[in-house]
Amino acid sequence: MKISSTFGDFKIIQSISKSDELLMMSDWESLVRIFDSKRVFMVSKKDRVFGAYLGRQECSEIFCKLLKNIELLDLDSVSIENTTLFERVVYNG
């Protein structure tokens, strides 16, 4: 999932080995605004991408914090991309 906002651009992926573990990636400045710098590590030196591992519950809490801080004027600058985030469910009962 990709999230772009006034707080930064983030990419969140699910860990293959642990289904409840997520990796949030972004630049250093964006991640240390959310996490303690001790939790942030380098993912790609070439691309200057950093990351932090978090659980699903912590991820939802971070989303809530981001949404609470969005002002009405910022709504045009926020986008969330994921084709499976809002899957259409068809019931053939």
Problem set entry | Pairwise distance CG(D47) to CE(M42) - rounded to 0.5 angstrom | 10.5 Å
Exercise. Of all heavy-atom pairs between M24 and F35, which one has the smallest distance, and what is that distance?
Worked result: SD-CE1, 3.7 Å
Problem set entry | Nearest-0.5 Å distance that lies between atom CE in M1 and atom CD in Q14 | 10.5 Å
Exercise. Same cluster for I3 and V43 if Ile/Leu/Val/Met/Phe/Trp/Tyr side chains link at under 4.5 Å?
Worked result: no
Seminar exercise, completed: Value for CD1 (I12) from CE (M25), rounded to nearest 0.5 Å, stands at 9.5 Å
Exercise. Taking a hydrophobic cluster as the set of Ile, Leu, Val, Met, Phe, Trp and Tyr residues connected by side-chain heavy atoms closer than 4.5 Å, whether directly or through intermediates, do F41 and I34 fall within one such cluster?
Worked result: no
For this session: Is it possible for you to say whether L23 and F63 belong to one hydrophobic cluster, with membership spreading through side-chain heavy-atom contacts below 4.5 Å?
Result: no
Seminar exercise, completed: To the nearest 0.5 Å, atom CZ of R33 lies from atom CG of D27 at 9.5 Å
For this session: Could you tell me whether the side chain of F50 reaches within less than 4.5 Å of the side chain of S30, counting heavy atoms only?
Result: no
Exercise. Should R56 and L22 count as side-chain neighbours, where that means a heavy-atom distance under 4.5 Å?
Worked result: yes
Seminar exercise, completed: The reported gap from CG in L54 to CD in E21 (rounded to nearest 0.5 angstrom) is 8.5 Å
Exercise. Between OG of S60 and NZ of K65, what distance do you get to the nearest 0.5 Å?
Worked result: 11.0 Å
